[in-house]
There are 2 protein chains.
Amino acid sequence: MTTVLVVDDQPLQRYGFRMLLDSVPETEVVGEAAHGAEAVRKAAELRPDVVLMDVRMPGMDGIEATRRIVAAGDRSRVLVLTTFDIDEYVYAALRAGASGFLLKDARPEELLAGIRAVAVGDAVIAPALTRRLLHEFARLVPPGGDGSAEDPRLSSLTDREREILVAIGKGWSNGEIAGRFVLSESTVKTHVGRVLSKIGARDRVQAVIFAYDHGLARPHGG
Amino acid sequence: MTTVLVVDDQPLQRYGFRMLLDSVPETEVVGEAAHGAEAVRKAAELRPDVVLMDVRMPGMDGIEATRRIVAAGDRSRVLVLTTFDIDEYVYAALRAGASGFLLKDARPEELLAGIRAVAVGDAVIAPALTRRLLHEFARLVPPGGDGSAEDPRLSSLTDREREILVAIGKGWSNGEIAGRFVLSESTVKTHVGRVLSKIGARDRVQAVIFAYDHGLARPHGG
DNA sequence: CGGCGGGTAGTACCGCGGTACTACGCGCCC
DNA sequence: GGGCGCGTAGTACCGCGGTACTACCCGCCG
């Protein structure tokens with residue numbers, strides 16, 4: 001038996017969910033909440049297996065409520081529902097720790113399957129959203145090692161030049177690079193010049209951008 | 001009617017898929033391939049709506065075959081199947097352009113639902129994999145704009161300064177920024193100087209790095 | 001042997017970038 | 001009114017960065 005907390009500011013919507021979930025033996029609605037604050041409170045009190053969370057609500061929205069419920073660490077999984085598949089909602093919800101994201105136009109069996117999956121620790125994403133999520137994901141995953149053809153400009157760099165480019169990507173000045181690599185600044189300048197010419201960059205600023213775009217430099221966040 | 005090309009090195013496995021897919025009216029297996037090279041060839045020849053692709057195969061593997069089929073641009077969608085949910089497979093497959101990734105232990109209706117979704121342009125991920133994918137995704141998605149506390153250095157920037165920082169992140173020179181923003185170069189220098197001082201960067205190179213690390217500049221790939 | 005790619009190093013030149021400082025118009029608020 | 005934040009603009013200065021060109025050493029290969 002999977003216990004569910006239904007969060008939505010529209011009573012009729014909550015009623016619909018309750019009818020659906022209580023109509024099957026495996027799920028049971030143990031509570032309802034009309035806004036984020038109430039959701040957080042009831043989640044802590046009722047400790048449901050799954051929280052069915054609407055995004056758009058007056059006061060505290062579903063994203064913030066999700067963040068707090070997940071942060072509370074009561075093992076409740078949050079399945080976010082929304083009418084609109086706005087990208088920001090999806091990313092924000094996932095970052096907030098949601099275990100799933102479905103559209104309200106999902107068929108009943110899809111919703112039930114989603115709740116089942118979430119309840120056992122899996123995650124679900126509406127197929128229509130998955131496509132964009134994957135596209136975004138592929139863009140974010142660092143290239144390399146997966147066999148995809150490397151940019152010819154990158155391949156044209158010698159090992160040394162690649163090191164120099166990485167160093168540029170760290171924000172080091174020519175003098176700093178010379179120091180760390182135990183080289184003369186003249187040599188560094190020679191390398192830098194060759195790197196810029198090979199990758200088609202006008203100056204080291206564009207080289208940094210190139211390095212980031214090609215995975216030679218990685219965000220260190222914060 | 002959805003046409004499907006089944007790719008697997010094991011004849012018995014192909015037989016199973018064909019039986020399943022031909023047992024329902026909405027899908028039809030129009031061809032089979034035993035390895036990557038054959039898959040690429042037959043995909044170009046038969047132009048199926050969906051390619052059901054095994055990962056592990058002798059010779060050209062499913063990933064490389066996926067890459068080539070997608071690159072061919074024949075509008076065939078690739079649904080990758082594997083027995084093992086090795087992370088690298090998933091990421092590599094998605095980067096290769098696969099529209100979906102399912103485990104072979106999926107229930108028949110799940111597989112059919114997956115093919116349906118892929119055929120109409122959506123994407124599917126096995127729930128068990130989705131969880132890890134989301135976790136990874138949340139890690140990769142840059143902070144900012146989603147409610148999480150923003151870096152105080154970033155918040156201290158005025159709107160104008162933020163625009164300037166973005167422009168720096170594009171690799172523009174002061175002169176170019178002045179031209180595009182219709183400003184004098186002096187003004188740009190003033191802004192740049194303030195930006196550098198506020199974010200604690202020594203020069204515009206480090207500003208670019210800051211911009212990337214904080215999601216103000218985004219890779220444009222390639 | 002000679003040639004070539006790669007790494008190292010130097011000199012000379014110039015311009016963009018960054019800093020310091022001043023200045024003014026504007027909207028806002030006490 | 002006076003102050004303040006913000007955006008705008010200017011002048012002056014200097015140094016790092018980028019370019020052009022030359023040069024030498026090393027390992028490899030035809």
Side-chain angles (χ1 to χ4, degrees), chain A residues 144 149-217, chain B residues 144-145 149-214 216-217:
Chain A
E150 196 178 56
D151 189 304
R153 288 172 292 174
L154 232 180
S155 334
S156 75
L157 296 181
T158 67
D159 290 347
R160 200 49 155 171
E161 286 160 357
R162 202 177 278 244
E163 287 180 331
I164 297 288
L165 179 51
V166 170
I168 293 175
K170 291 183 193 293
W172 297 353
S173 69
N174 287 339
E176 285 169 343
I177 297 175
R180 308 221 189 197
F181 284 35
V182 196
L183 291 175
S184 81
E185 200 166 328
S186 299
T187 303
V188 174
K189 280 191 170 188
T190 305
H191 284 313
V192 170
R194 269 200 272 268
V195 168
L196 296 185
S197 128
K198 281 188 179 179
I199 68 177
R202 182 179 51 193
D203 50 38
R204 67 202 297 111
V205 174
Q206 296 186 347
V208 169
I209 295 171
F210 181 92
Y212 268 82
D213 286 353
H214 292 76
L216 278 184
Chain B
E150 195 180 58
D151 190 305
R153 287 172 293 174
L154 233 182
S155 333
S156 74
L157 297 181
T158 67
D159 290 346
R160 198 50 154 171
E161 285 160 0
R162 201 177 278 244
E163 285 180 332
I164 297 288
L165 178 51
V166 171
I168 293 175
K170 292 182 193 293
W172 298 352
S173 69
N174 287 339
E176 285 168 341
I177 297 175
R180 308 221 190 197
F181 284 32
V182 197
L183 290 176
S184 81
E185 198 165 332
S186 300
T187 302
V188 174
K189 279 192 171 189
T190 305
H191 284 313
V192 170
R194 268 201 272 270
V195 168
L196 296 185
S197 128
K198 281 188 178 179
I199 68 177
R202 181 179 52 193
D203 50 38
R204 68 201 297 110
V205 175
Q206 295 187 347
V208 169
I209 296 172
F210 181 92
Y212 268 82
D213 286 353
H214 292 77
L216 278 184

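What you see is a predicted model; the values in this text were computed from it and never measured. Here is how names work: the chains are called A, B, and so on, in the same order as the sequence lines, proteins then strands, and each is numbered from 1.
Remark: the backbone N or O of R153(A) is not paired with any side-chain donor or acceptor of K198(A) at under 3.5 angstrom. Between the side chain of R204(B) and the backbone N or O of W172(B), at least one donor-acceptor pair lies under 3.5 Å. When atom types are taken as modelled, the side chain of Q206(B) and the backbone of R202(B) share a donor-acceptor pair closer than 3.5 angstrom. Using modelled atom types, no side-chain atom of R194(A) and backbone atom of L157(A) make a donor-acceptor pair closer than 3.5 Å.
Remark: the T190(B) side chain and the T187(B) side chain contain no N/O donor-acceptor pair separated by less than 3.5 Å.
Shortest non-hydrogen contact noted between I209(B) and G169(A) is CD1-O, 3.0 Å.
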Check your understanding: Would V192(A) and K189(A) satisfy side-chain contact (heavy atoms from CB on, under 4.5 Å), going step by step from the backbone distance to the final call?
Key -> CA-CA 5 Å; V192(A) 170; K189(A) 280 191 170 188; 5.6 Å; no
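At a threshold of 4.0 angstrom between heavy atoms, the contacts of T190(B) include nucleobase atoms, whether or not backbone atoms are also involved.
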Can you name the atoms? Protein N/O to nucleotides 4-7 of chain C N/O, anything below 3.5 Å, with the distance.
{"residue": "dG7(C)", "atom": "OP1", "partner": "T158(A)", "partner atom": "OG1", "Å": "3.4"}
{"residue": "dG7(C)", "atom": "OP1", "partner": "R160(A)", "partner atom": "N", "Å": "3.3"}
{"residue": "dG7(C)", "atom": "OP2", "partner": "T158(A)", "partner atom": "OG1", "Å": "2.5"}

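The rotation axes computed at either terminus of the helix from dC1(C)-dG30(D) to dC30(C)-dG1(D) lie 20° apart, taking five pairs at each end and rounding to 10 degrees.
Within the 4.5 Å cutoff, the side chain of R162(A) has heavy atoms near those of the L154(A) side chain. Taking 4.5 Å as the limit, every side-chain heavy atom of E163(A) sits out of range of all side-chain heavy atoms of V195(A). Side chains of V208(B) and Y212(A) form no contact here, defined as non-hydrogen atoms less than 4.5 Å apart.
Neither OP1 nor OP2 of dA9(C) sits under 4.0 Å from any side-chain N or O of S186(A).
Residues D203(A) and F181(B) both approach DNA chain D. Their nearest nucleotides, taken by heavy-atom distance, put F181(B) toward the 5′ side.
A 4.0 Å heavy-atom criterion places the boundary nucleotides of DNA chain D facing chain B at dC6(D) to dT11(D), written 5' to 3'.
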